[in-house]
Amino acid sequence: MPAKQVPTIRIDPLEEADDVLSVGDAAALLKVGRNCLYDAIARGEIPHRRIGKHLRLSRHGLMRWLESWSSQGAKKGQ
């Protein structure tokens, strides 16, 4: 009798990642350079928190921001 095969459950890599990101982590997630991300943060475009001298970003917050930004562009016909 052959051994039972256990179904493989695939987990989205984003769900495994920490929710609190450094600027470097967030830049890698968004596939942009750190300077580009710093510029967007300085313009107030990207949700973030400052803790002392450090900037921290929420992965979930970034994904919500990105989704809302994408849907706004679609509404404008871009």
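Note that the CG atom of Leu55 and the CG atom of Leu21 stand 12.0 Å from one another [nearest 0.5 Å].
By the side-chain hydrogen bond (donor to acceptor under 3.5 Å, both in side chains) test, Asp25 is found to be paired with Ser22, residues two or more places apart in sequence or in another chain being considered. Not a single side-chain hydrogen bond (donor to acceptor under 3.5 Å, both in side chains) links Arg50 to another residue, sequence neighbours left out.
Scanning all heavy atoms of the two residues, the minimum distance from Arg56 to Val20 falls at CD-CG1, 3.9 Å. Residue Gly61 comes nearest to Pro47 through the heavy atom pair O-CG, 3.9 Å, listed as atom of the first residue, atom of the second, then distance.
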Expected list for residues 26-38: side-chain donor-acceptor pairs under 3.5 angstrom, two or more places apart:
residue: Arg34; atom: NH2; partner: Tyr38; partner atom: OH; Å: 3.4

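In this structure a side-chain-to-backbone donor-acceptor pair under 3.5 Å is present from His48 to Ile46.
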